[in-house]
Engineer: 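Just dropping this structure here.
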Amino acid sequence: MFKNALVRIPCRKISDGISSSGPGLPDYRIALKQHQQYVAALEKCGVRVYALPPDEQYPDSTFIEDTAVLTEKCAVICRPGVSSRRGEEQKIITPLGEFYDNPELIEHPGTLEGGDVLRIGDHFFVGLSSRTNREGFIQLERILKKYGFSASPVKLKEALHLKTGLAYLENGEILVAGEFRKKEEFQKFKKIEIGEDESYSANCIWVNGRVIIPEGYPRTREKIEQAGYPVKSVDVSEFRKLDGGVSCLSLRF
Ligand code: CIR
């Protein structure tokens, strides 16, 4: 169960964020509104949400998930794999100080983004992506081991991050899309497969029994409801324009 969530309010410069897709640039005002609705959805799931102020220095800073990996035993400060985001992680250290005493750090030459880290029980799957390198994985694995966790790497070919196409619900059930559907590592789980047309919605989050998904994906909603989870959908269209989704917008712990 999660007690807390950390979010960062979108900044005015959000339209300068990194985007590899084509549906245009985000509108700041709409993004702000959608972010408020996202926060309300988290609160509905019973977590206390701490909202950090906008950071104009980093257009992508609302995608706060990429800056840290949080567990009940430790906090790991990531090291973004893209130069325009390097430094975002420093801004999370002080706010996290309220919850964690001695955060662990990923250091040069390692790179690691939280979007590449999926926890299932006491195991952490770590995407080796254009943002997270092997050295980042090795450092994270070493840190996690100290706290009794295990980790393994997953090579990515297409997705931005591991959680772009993968989410863990509960009871051994995962949501998979795209390149993750056939991956050896995930065959042992009960898979809920998401088709090509709704693949964006595989990035969703289980929060205290409910699942928050992006709005506009009826087949995904139906599949998750059939599996027995109440679903709450939120409109995140503006964040999608920057390749971000439901998980990227918060750190849950
Ligand atoms: C980026 O390219 O870094 C941002 N525009 C999107 C980050 C999305 N984060 C995530 O999937 N965890």
Side-chain angles (χ1 to χ4, degrees), residues 1-9 11 39 42-43 45-58 60-129 131-154 161-163 166-168 205-208 244 246-253:
M1 298 290 272
F2 298 112
K3 266 200 341 227
N4 305 308
L6 221 53
V7 299
R8 187 175 290 283
I9 297 168
C11 65
V39 166
L42 283 174
E43 285 171 341
C45 296
V47 294
R48 174 139 191 218
V49 181
Y50 297 83
L52 304 180
D55 185 345
E56 299 298 336
Q57 199 184 342
Y58 296 103
D60 280 304
S61 54
T62 195
F63 302 114
I64 195 169
E65 174 180 61
D66 292 322
T67 61
V69 175
L70 303 180
T71 79
E72 65 282 15
K73 296 178 190 163
C74 62
V76 183
I77 307 298
C78 295
R79 185 165 180 270
V82 65
S83 58
S84 69
R85 299 197 65 186
R86 188 88 34 88
E88 275 179 39
E89 76 285 3
Q90 298 299 323
K91 308 272 191 93
I92 193 95
I93 296 177
T94 304
L96 280 179
E98 216 177 288
F99 306 96
Y100 295 93
D101 280 338
N102 292 304
E104 306 272 358
L105 304 177
I106 300 296
E107 290 167 346
H108 173 84
T111 64
L112 178 82
E113 295 191 359
D116 275 319
V117 182
L118 176 73
R119 178 176 181 175
I120 300 187
D122 283 342
H123 187 77
F124 290 73
F125 290 97
V126 183
L128 299 182
S129 66
R131 303 292 183 84
T132 295
N133 64 16
R134 189 164 283 279
E135 175 60 25
F137 161 71
I138 290 169
Q139 289 183 27
L140 179 66
E141 183 186 35
R142 202 179 299 137
I143 293 166
L144 290 172
K145 265 190 179 162
K146 289 198 294 183
Y147 297 92
F149 299 117
S150 57
S152 58
V154 182
H161 288 121
L162 183 69
K163 283 185 284 192
L166 196 61
Y168 182 59
I205 48 175
W206 175 97
V207 188
N208 301 342
V246 165
S247 82
C248 329
L249 291 172
S250 62
L251 281 163
R252 303 153 302 277
F253 55 104

Engineer: Any side-chain heavy-atom pair from Ser250 and Val7 closer than 4.5 angstrom?
Structural biologist: yes

Engineer: Between Ile93 and Pro103, what is the shortest heavy-atom contact and its length?
Structural biologist: CG2-CG, 4.4 Å

Engineer: With sequence neighbours left out, what residues match Phe149 under ring pair (Phe, Tyr, Trp, His ring centres under 6.0 Å)?
Structural biologist: Phe124

Engineer: Should the heavy atoms of other residues, nucleotides or ligands under 6.0 Å from NZ of Lys73 be counted, would the total exceed 12?
Structural biologist: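 It does: Lys73 NZ has more than 12 such atoms within range.
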
Engineer: Applying salt bridge (charged side-chain N to carboxylate O under 4.0 Å, His left out) to Glu65 and Lys163, what does each step give before you reach the verdict?
Structural biologist: CA-CA 11 Å; Glu65 174 180 61; Lys163 283 185 284 192; 2.8 Å; yes

Engineer: What are the two closest heavy atoms between Ser152 and Phe137, and how far apart are they?
Structural biologist: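 Scanning both residues completely, I find the closest heavy atoms to be C-CE1, 3.6 Å.
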
Engineer: Between Leu162 and Val126, is there a side-chain heavy-atom distance shorter than 4.5 Å?
Structural biologist: no

Engineer: Given side chains that start at C-beta, do those of Arg79 and Leu112 come closer than 4.5 Å, heavy atoms only?
Structural biologist: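 No, their side chains stay 4.5 Å or more apart.
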
Engineer: Looking only at non-hydrogen atoms, find the nearest pair between Val39 and Val49 and report the distance.
Structural biologist: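 For Val39 versus Val49, the nearest heavy atoms are CG1-CG1, 3.9 Å.
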
Engineer: Do the side chains of Leu96 and Leu70 get nearer than 4.5 Å, heavy atoms only?
Structural biologist: yes

Engineer: To check you understand the geometry: which heavy-atom pair defines the closest contact between Gly114 and Val69, and what is its length?
Structural biologist: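 Distance-wise, the nearest heavy atoms are CA-CG2, 4.5 Å.
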
Engineer: Counting C-beta onward and ignoring hydrogens, is there a side-chain heavy-atom pair between Cys78 and Glu113 closer than 4.5 Å?
Structural biologist: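 Cys78 vs Glu113: side chains apart.
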
Engineer: Does the Tyr100 side chain pair with the main chain of Thr71, one donor and one acceptor, at a distance under 3.5 Å?
Structural biologist: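 Yes, the answer is positive, given that a donor and an acceptor are paired below the 3.5 Å cut-off.
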
Engineer: Short question: side chain of Arg86, backbone of Pro80 - any donor-acceptor pair under 3.5 Å?
Structural biologist: yes

Engineer: What heavy-atom pair brings Ile143 and Glu104 nearest, and what distance separates the two atoms?
Structural biologist: CG2-CG, 3.5 Å

Engineer: Please verify the inter-ring angle class for Tyr50 with Phe99; under 30° counts as parallel, over 60° as perpendicular, anything in between as tilted.
Structural biologist: perpendicular

Engineer: Quick check against the 3.5 Å criterion: does Thr62 have a side-chain atom that pairs as donor or acceptor with the backbone of Arg8?
Structural biologist: yes

Engineer: Tyr147: what forms a ring pair (Phe, Tyr, Trp, His ring centres under 6.0 Å) with it, not counting sequence neighbours?
Structural biologist: none

Engineer: Is a side-chain donor or acceptor of Asn208 paired with a backbone partner of Met1 at a separation under 3.5 angstrom?
Structural biologist: no

Engineer: If we ignore hydrogens and angles and just use 3.5 Å, is the side chain of Ser247 paired with the main-chain N or O of Ile205 as donor and acceptor?
Structural biologist: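 The answer is no, because no donor-acceptor pair under 3.5 Å joins these two groups.
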
Engineer: Look only at the side chain of Thr111 and the backbone of Arg131, and say whether a donor-acceptor pair between them is shorter than 3.5 Å.
Structural biologist: yes

Engineer: From Leu52 CG over to Thr94 OG1, what is the distance, rounded to the nearest 0.5 angstrom?
Structural biologist: 10.0 Å

Engineer: Might you point out which heavy atoms bring Lys91 and Asp55 nearest each other, and give the distance in Å?
Structural biologist: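 Looks like NZ-OD2, 2.7 Å.
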
Engineer: With distance as the sole test, does Thr132 use its side chain to make a donor-acceptor pair with the main-chain N or O of Ser129 at under 3.5 Å?
Structural biologist: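 A pair under 3.5 Å: no.
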
Engineer: Return the set of residues passing ring pair (Phe, Tyr, Trp, His ring centres under 6.0 Å) with Phe2 (not counting sequence neighbours), or none when no residue passes.
Structural biologist: none

Engineer: Tell me which one of Asp66, Asp60, Thr67 satisfies side chain to side chain donor-acceptor pair (under 3.5 Å) with Arg85.
Structural biologist: Asp66

Engineer: Can you spot which of Glu141, Glu135, Arg142 makes a side chain to side chain donor-acceptor pair (under 3.5 Å) with Gln139?
Structural biologist: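 For Gln139, the side chain to side chain donor-acceptor pair (under 3.5 Å) test succeeds with only one of Glu141, Glu135, Arg142, which is Glu135.
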
